[in-house]
Amino acid sequence: MTSDQKSWTVRHNALVTAQSPLPGTTSDRLTVGVAARLSRYLQVLTQAKKMGKERISSQEIADYTNINATQIRRDLSNFGKFGKRGVGYSIESLLSEIRKILRTQGQHNIALVGAGRLGQAIASSAIFAEHGINIAAVFDASPGMIGADIGGATVEDERRLKDVVRDKNIVVGVLAVPAGAAQKVADDLVDAGVRIIFNYSEALLDVPSDVTVHTSNPAVELLHALYFHLT
């Protein structure tokens, strides 16, 4: 092999290595499984920090998430060296790194539709602010709720949803409305430019292919957990 051929081979191999995605990623995007696990690690780390802890081991994270400690170490090592054997991970540092990986740094505005009991619980929860999520607007169709203050936000008339969502550049909507009203609200959110919807109703939403819907149903999730516990 000539010196020119050797030089080309080195450059080619370096280029292939640089372009190859990390395990658990597709191109520059995480796989669904990795993203879900990192989100759970983030939750544990956030709570551990609030408890005053400064360091945490992979086994401690495993105890809270029911994810194997070996899998946790493998997930984290794919993105760099964050911990030391026998010492564990710096909670502050790992929180920062996982937020970078999940691209959750900064503030994200969301719209909450539904100011009933569920909506009030969501709006009053401090967990959103902890992760840089700002409930920028709350809507309801009930005249009795319009103008009320929940979680520091003033409930607005649902008929103003499109205008407010566009004005505040909101791309995420949270549905805390009855199932019968969910589709219309989803349609209005999509028309206003929302591309991610968290659906807390039982409705099966029909949305365009470029809109992502995450449906959360506590009963279904409980049945799922019971299945694995009882079998």
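All residue numbers refer to positions in the sequence shown, counting from 1.
For Ser77 (side chain) and Arg74 (main-chain N/O), a donor-acceptor pair under 3.5 Å exists by modelled atom type. With hydrogens and angles ignored, the 3.5 Å screen pairs a side-chain donor or acceptor of Arg55 with a backbone N or O of Gly88. Judged purely by atom type and a 3.5 angstrom limit, Ser125 has no side-chain atom pairing as donor or acceptor with the backbone of Ala121.
From Leu76, atom CG reaches atom CD1 of Ile98 across 5.5 Å, with rounding to the nearest 0.5 Å. Interatomic distance, Thr65 OG1 to Gln71 CD, rounded to the nearest 0.5 Å: 10.0 Å. Atom CD1 of residue Ile150 and atom CD1 of residue Ile135 lie 7.5 Å apart, to the nearest 0.5 angstrom. Put simply, NE2 on His214 and OH on Tyr200 are 11.0 Å apart, with the number rounded to the nearest 0.5 Å. Separation of atoms CG (Leu118) and OG (Ser201) is listed at 10.0 Å; rounding is to 0.5 Å.
What you find for Arg166 and Asp191 is that their closest heavy atoms are NH2-O, 3.1 Å. Across Arg40 and Asn66, no two heavy atoms sit closer than the pair NH2-N, 4.4 Å. A pairwise comparison of heavy atoms in Ile91 and Ala48 identifies CD1-CB, 3.7 Å as the closest pair. When all heavy atoms of Leu161 and Phe139 are compared, the closest pair comes out as CA-CE2, 3.5 Å. Scanning both residues, Ala111 and Val165, for their nearest heavy atoms gives CB-CG2, 4.3 Å.
Put simply, the side chain of Ile67 does not reach to within 4.5 Å of the side chain of Ile61, judged on heavy atoms. At least one side-chain heavy atom of Leu45 sits under 4.5 Å from a side-chain heavy atom of Ile56. Annotation: side chain of Leu38 is in contact with side chain of Ile101 (closest heavy-atom distance under 4.5 Å). Proximity of Arg99 to Thr46: side-chain heavy atoms (C-beta onward) are separated by under 4.5 Å at one or more points. Contact annotation: the side chain of Asn199 never approaches that of Ser216 to less than 4.5 Å [non-hydrogen atoms, C-beta and beyond]. Proximity of Leu189 to Ile170: side-chain heavy atoms (C-beta onward) are nowhere separated by under 4.5 Å. Within the 4.5 Å cutoff, no side-chain heavy atoms of Thr215 are placed close to those of Leu204.
If you chain together hydrophobic residues whose side chains sit under 4.5 Å apart, Ile197 and Ile110 never meet in one group. Under the 4.5 Å side-chain contact rule for hydrophobic residues, Val34 and Leu94 share a cluster. Both Ile122 and Val171 sit in one connected hydrophobic cluster of ILVMFWY residues. Membership requires side-chain heavy atoms under 4.5 Å apart, directly or through other members. Linking Ile, Leu, Val, Met, Phe, Trp and Tyr whenever their side-chain heavy atoms come within less than 4.5 Å puts Leu95 and Tyr89 in one cluster. Hydrophobic clustering of Ile, Leu, Val, Met, Phe, Trp and Tyr side chains at less than 4.5 Å, counting indirect connections, keeps Val194 apart from Ile133.
Checked by atom type, the side-chain pair Ser58/Arg73 shows a donor-acceptor distance below 3.5 Å.
Sorted by first and then second residue, the pairs that involve residues 139-157 and meet salt bridge (charged side-chain N to carboxylate O under 4.0 Å, His left out), not counting sequence neighbours, are Glu156-Arg160, Asp157-Arg159.
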Take Val190 and Arg195, measure what side-chain contact (heavy atoms from CB on, under 4.5 Å) needs, and give me the verdict at the end. CA-CA 6 Å; Val190 171; Arg195 288 297 173 265; 3.8 Å; yes
Take Gln120 and Met145 through the test side-chain contact (heavy atoms from CB on, under 4.5 Å) and record every step on the way to the result. CA-CA 11 Å; Gln120 291 174 33; Met145 289 304 305; 3.9 Å; yes
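Annotation for Lys49: atom NZ does not count as buried by contact number, only 12 or fewer foreign heavy atoms lying within 6.0 Å. Applying the 6.0 Å contact sphere to CD of Gln47 captures more than 12 heavy atoms from other residues, nucleotides or ligands.
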Mind listing the side-chain donor-acceptor pairs of residues 172-188 below 3.5 Å, one per line with the distance, residues two or more places apart or on another chain?
{"residue": "Gln183", "atom": "OE1", "partner": "Asp206", "partner atom": "N", "Å": "2.9"}
{"residue": "Gln183", "atom": "NE2", "partner": "Asp187", "partner atom": "OD1", "Å": "2.9"}
{"residue": "Gln183", "atom": "NE2", "partner": "Asp206", "partner atom": "O", "Å": "3.0"}
{"residue": "Lys184", "atom": "NZ", "partner": "Asp188", "partner atom": "OD2", "Å": "2.9"}

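In this structure, Glu60 pairs ionically with Lys53, as a charged nitrogen and a carboxylate oxygen lie closer than 4.0 Å.
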